[in-house]
Colleague: 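Below: one structure in structure tokens.
What you are looking at is a predicted structure, and each value in this text was computed from that prediction instead of being measured.
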Amino acid sequence: MQDKNIDKNTEKEKLYKIGEFARKIRVNIQTLRGYDREGILCPKRSDTNRRGYTDEDFERVKIVLYLTNALSVNLNGVKIILKFLEKSRLKPALGLELLKNTAKSVGITDEEILNNLKRYNKEDLNIFNS
């Protein structure tokens, strides 16, 4: 994954602290730390080693949450799929659409996906539509 550093960020983009990013995507902070440890979602870092998440990270985490929550893919599977999407040079939004279409084409129904997602807060479904 890319080495990101907040202080070397030349573009003036909105950076979310870990707490506000966790609230935005409705996951536990420990989940985000785990994604960072696994190399799945690597936020930018300040000189004091604080995490800073971007809107691009938000798009990427939507893919991760769709794979883990809707399709019940484990983290090793998520890594493989993300690597494929990166090599394909697909923007995260297009990658998510590709995954949704692929799931349907292999026979995973919307009902199955919704049943998987019922384990989570129904408000969580909104991030896949934004």
Side-chain angles (χ1 to χ4, degrees):
M1 301 292 154
Q2 289 179 321
D3 180 33
K4 301 179 189 176
N5 188 303
I6 292 174
D7 298 327
K8 294 180 182 173
N9 184 18
T10 56
E11 301 171 15
K12 292 291 180 186
E13 59 189 351
K14 168 78 171 145
L15 291 175
Y16 302 93
K17 293 179 182 177
I18 192 169
E20 61 185 329
F21 193 73
R23 280 188 297 281
K24 180 176 179 169
I25 62 171
R26 295 183 170 90
V27 300
N28 188 293
I29 289 173
Q30 292 303 321
T31 301
L32 290 174
R33 289 182 178 138
Y35 291 165
D36 190 5
R37 253 188 325 277
E38 292 291 326
I40 290 172
L41 186 67
C42 301
K44 295 183 179 187
R45 296 291 187 141
S46 71
D47 54 355
T48 59
N49 210 27
R50 300 224 181 240
R51 293 171 176 90
Y53 295 89
T54 65
D55 288 327
E56 185 178 325
D57 292 325
F58 177 69
E59 293 302 318
R60 183 177 174 92
V61 81
K62 286 198 296 189
I63 292 172
V64 174
L65 294 175
Y66 182 77
L67 289 169
T68 57
N69 297 352
L71 300 181
S72 301
V73 176
N74 66 28
L75 293 183
N76 285 328
V78 169
K79 285 186 211 180
I80 292 167
I81 293 167
L82 288 174
K83 187 170 278 199
F84 165 77
L85 293 174
E86 287 170 5
K87 296 275 184 190
S88 301
R89 297 183 184 185
L90 287 174
K91 295 208 180 269
L94 288 174
L96 182 58
E97 281 307 308
L98 173 68
L99 291 170
K100 287 179 180 179
N101 292 334
T102 302
K104 287 180 183 174
S105 72
V106 298
I108 299 172
T109 65
D110 288 339
E111 183 179 350
E112 288 174 291
I113 291 171
L114 286 175
N115 284 337
N116 285 340
L117 291 171
K118 281 182 184 175
R119 295 178 291 176
Y120 305 95
N121 186 334
K122 292 185 187 229
E123 292 176 3
D124 293 349
L125 302 176
N126 293 332
I127 71 160
F128 299 122
N129 300 321
S130 58

Colleague: Taking all atoms of both residues into account, what is the closest heavy-atom pair of Gly95 and Leu85, and its distance?
Modeller: CA-CD2, 4.0 Å
Colleague: If you compare all heavy atoms of Glu112 against all heavy atoms of Thr109, which two are closest, and at what distance to 0.1 Å?
Modeller: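 Residues Glu112 and Thr109, closest heavy atoms: OE1-N, 2.8 Å.
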Colleague: Might you point out which heavy atoms bring Thr54 and Phe21 nearest each other, and give the distance in Å?
Modeller: O-CE1, 4.0 Å
Colleague: Find out whether Asp55 and Tyr16 are in side-chain contact, i.e. whether some heavy atom of one side chain is under 4.5 Å from a heavy atom of the other.
Modeller: yes
Colleague: Please assess Asp57 against Lys44 for the test side-chain contact (heavy atoms from CB on, under 4.5 Å), listing each intermediate value before the final yes or no.
Modeller: CA-CA 10 Å; Asp57 292 325; Lys44 295 183 179 187; 5.6 Å; no
Colleague: To the nearest 0.5 Å, what is the distance between CD1 (Ile63) and CG (Leu94)?
Modeller: 9.5 Å
Colleague: For the pair Glu59 and Lys91, find out whether any cationic side-chain nitrogen is under 4.0 Å from an anionic carboxylate oxygen.
Modeller: no
Colleague: Closest approach of Leu71 and Ala103, non-hydrogen atoms and distance?
Modeller: CD2-CB, 4.0 Å
Colleague: Show the nearest heavy-atom pair for residues Pro43 and Gly52, with the distance to one decimal.
Modeller: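 Closest heavy-atom pair between Pro43 and Gly52: CB-O, 3.5 Å.
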Colleague: Could you measure the distance from the CZ atom of Arg23 to the CD1 atom of Ile29? Nearest 0.5 Å is fine.
Modeller: 7.5 Å
Colleague: Do Asp36 and Arg45 sit within salt-bridge range, that is, some charged N less than 4.0 Å from a carboxylate O?
Modeller: yes
Colleague: Would you please test Tyr66 and Val73 for side-chain contact (heavy atoms from CB on, under 4.5 Å) and show each step?
Modeller: CA-CA 9 Å; Tyr66 182 77; Val73 176; over 6 Å; no
Colleague: Please say which of Val61, Leu41, Leu15 ends up in a side chain to side chain contact (heavy atoms under 4.5 Å, CB included) with Tyr53.
Modeller: Leu41
Colleague: Salt bridge between Arg60 and Glu86, side-chain N to carboxylate O under 4.0 Å?
Modeller: yes
